[in-house]
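I have a structure here, written as structure tokens, and I will follow up with some questions on it.
Note that the coordinates shown come from a computational prediction; the quantities given were computed from them, not determined experimentally.
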Amino acid sequence: MNFLDLSTKRCSVRDFTDAHVEREKLEYILNTARIAPSAVNYQPWFFIVIREEASKQKLHACYNRDWFKKASVYIMACGNHDQSWKRKDGKNFCNIDVAIAIEHICLAATEIGLGSCWVCNFDLEKCKELFELPEHIEPIAFIPIGYPADNLIFENTTKKRKSLPEIVRWEKCQ
């Protein structure tokens, strides 16, 4: 499948089967994040794979939604602010770099028939406390991963997207 087809197919999945996600598939997904581009190639990220029930319970305490609890596995994408590149004006590219890697994860999951979803609306302080994250490490997003309960979700999910003329400017802003 070409990249435009894969990008069009990807959608947020919020309903999963009980099926276990194989370690080989998780490693494939994580490897796509490993090779993601980052500012000055600093790669200021790491990923916590959460599969065990005790760790899942900690994660659910940070984001308590029924749909979220159905995932087979979770990936917590973290940014290391001590390792990220900062532009001369002080702009820190950590979150941008991690976001690129997260989208690689979501696209790779889609490619191999797994569902995923970005989750950013969680209790940050509780997450840092429960997972004992140091101050310079920020959990950027949780990515639930699993087999979609609806096996046609990728084909049937309609997406509202702006047209090219609404988002593209040629040579100048106006």
More than 12 non-hydrogen atoms from neighbouring residues, nucleotides or ligands closer than 6.0 Å to CD on E132, yes or no?
->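 Incorrect, the count does not exceed 12.
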K128 side chain to I137 backbone, donor-acceptor under 3.5 Å =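 At least one qualifying donor-acceptor pair exists.
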Using 4.0 Å as the upper bound for N to carboxylate O, is an ion pair formed by R87 and D89?
->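 Here D89 pairs with R87 in a salt bridge, since their nearest N and O are under 4.0 Å apart.
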Between N80 and C94, is any pair of side-chain heavy atoms under 4.5 Å apart?
->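 No. Closest side-chain heavy atoms not under 4.5 Å.
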Among the clusters formed by ILVMFWY side chains lying less than 4.5 Å apart, do Y147 and L107 turn up in the same one?
->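 Per the 4.5 Å side-chain linkage, Y147 and L107 are not co-clustered.
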How long is the gap from OG1 on T110 to CD1 on I105, to the nearest 0.5 Å?
->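 CD1 of I105 is found 12.0 Å from OG1 of T110.
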Hey, are the side chains of R161 and I167 touching, using non-hydrogen atoms and a 4.5 Å cut-off?
->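 Result no, sub-4.5 Å side-chain heavy-atom pair not found.
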K91 vs I96 side-chain heavy atoms within contact, under 4.5 Å =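 Yes, close enough: below the 4.5 Å cut-off.
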How close do Y42 and S84 get, heavy atom to heavy atom, and via which atoms?
->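 In terms of heavy atoms, the two residues are closest at CD2-C, 3.7 Å.
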Least distance between heavy atoms, I48 atom then C78 atom |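 Between these two residues, the closest heavy atoms are CD1-SG, 4.2 Å.
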Heavy atoms of other groups near E155 CD, more than 12 under 6.0 Å |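 It does: E155 CD has more than 12 such atoms within range.
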Looking at NZ of K86 and NE2 of H81, how far apart are the two atoms once the value is rounded to the nearest 0.5 Å?
->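 Result: 8.0 Å between the selected atoms.
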Could you grab the distance from atom NE2 of H60 to atom CG of D66, nearest 0.5 Å is fine?
->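 Taking NE2 in H60 and CG in D66, the distance rounds to 10.5 Å.
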Could you walk me through whether R34 and F47 pass side chain to side chain contact (heavy atoms under 4.5 Å, CB included), step by step?
-> CA-CA 10 Å; R34 182 186 65 80; F47 307 94; over 6 Å; no
If every non-hydrogen atom of I50 is compared with every non-hydrogen atom of K56, which pair is closest and at what distance?
->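 Heavy atoms of I50 and K56 come nearest at CG2-N, 3.6 Å.
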Check ring pair (Phe, Tyr, Trp, His ring centres under 6.0 Å) between F154 and all other residues, then give those that pass, not counting sequence neighbours.
->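 Ring pair (Phe, Tyr, Trp, His ring centres under 6.0 Å) check on F154 returns nothing, list empty.
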Starting at SG of C62, measure out to CG of D123 and round the result to the nearest 0.5 Å.
->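 Interatomic distance, C62 SG to D123 CG, rounded to 0.5 Å: 6.0 Å.
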Path from I100 to V40 over hydrophobic side-chain contacts below 4.5 Å =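 I100 clusters together with V40.
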Heavy-atom closest contact (V49 atom, L26 atom, distance) =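 That closest heavy-atom pairing would be CG1-CD1, 4.4 Å.
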Crowding at CG, N2 (>12 non-hydrogen neighbours, <6.0 Å) |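 Enclosed.
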Is a side-chain donor or acceptor of K160 paired with a backbone partner of T158 at a separation under 3.5 angstrom?
->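 Side chain of K160 to backbone of T158: no pair is present.
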Closest contact, heavy atoms only, P148 versus T17 =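 Shortest heavy-atom separation between P148 and T17 comes out as O-CG2, 3.6 Å.
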Test D15 against D150 for side chain to side chain contact (heavy atoms under 4.5 Å, CB included), laying out the working first.
-> CA-CA 8 Å; D15 194 12; D150 176 359; over 6 Å; no
Measure the spacing between NZ of K69 and CG of N64 and express it to the nearest 0.5 Å.
->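 Reported value, rounded in 0.5 Å steps: 4.0 Å.
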Backbone N/O of V21 and side chain of S72: donor-acceptor pair under 3.5 Å =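 Yes.
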Let me see the working for S55 and E52 under side chain to side chain donor-acceptor pair (under 3.5 Å), right down to the final yes or no.
-> CA-CA 6 Å; S55 296; E52 295 178 6; 5.1 Å; no
Between the main-chain N or O of R10 and the side-chain N or O of K159, is there a donor-acceptor pair closer than 3.5 Å?
->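 Side chain of K159 to backbone of R10, a donor-acceptor pair under 3.5 Å: yes, one is there.
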Any side-chain heavy-atom pair of L114 and I29 under 4.5 Å =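 They are in side-chain contact.
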Can you name the one residue among F131, Y74, Y63, F122 that meets ring-ring contact (aromatic ring centres under 6.0 Å, His included) with F142?
->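 That would be F122; it is the only one of F131, Y74, Y63, F122 passing the ring-ring contact (aromatic ring centres under 6.0 Å, His included) with F142.
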Are there more than 12 heavy atoms of other residues, nucleotides or ligands under 6.0 Å from atom CZ of R65?
->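 Buried by this count: over 12 neighbours within 6.0 Å.
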At their closest point, which heavy atom of Q43 faces which heavy atom of S38, and how far apart are they?
->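 In terms of heavy atoms, the two residues are closest at N-OG, 2.9 Å.
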Is there a path from I143 to I140 through hydrophobic residues (I, L, V, M, F, W, Y) whose side chains come within less than 4.5 Å of each other?
->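 Looking at the clustering, I140 is in the same group as I143.
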Which value, rounded to the nearest 0.5 Å, describes the distance between H104 atom NE2 and N31 atom CG?
->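 With rounding to 0.5 Å, NE2 (H104) is 10.5 Å from CG (N31).
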Full working for side chain to side chain contact (heavy atoms under 4.5 Å, CB included) between C117 and V13 = CA-CA 6 Å; C117 184; V13 175; 5.7 Å; no
If two hydrophobic side chains count as joined below 4.5 Å and joins carry through other members, does F16 share a cluster with I112?
->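 No, because F16 and I112 fall into different hydrophobic clusters, even though each may have its own neighbours under 4.5 Å.
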State plainly whether one hydrophobic cluster holds both Y28 and I102, where clusters connect Ile, Leu, Val, Met, Phe, Trp and Tyr through side-chain heavy atoms under 4.5 angstrom apart.
->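 Hydrophobic grouping puts Y28 with I102.
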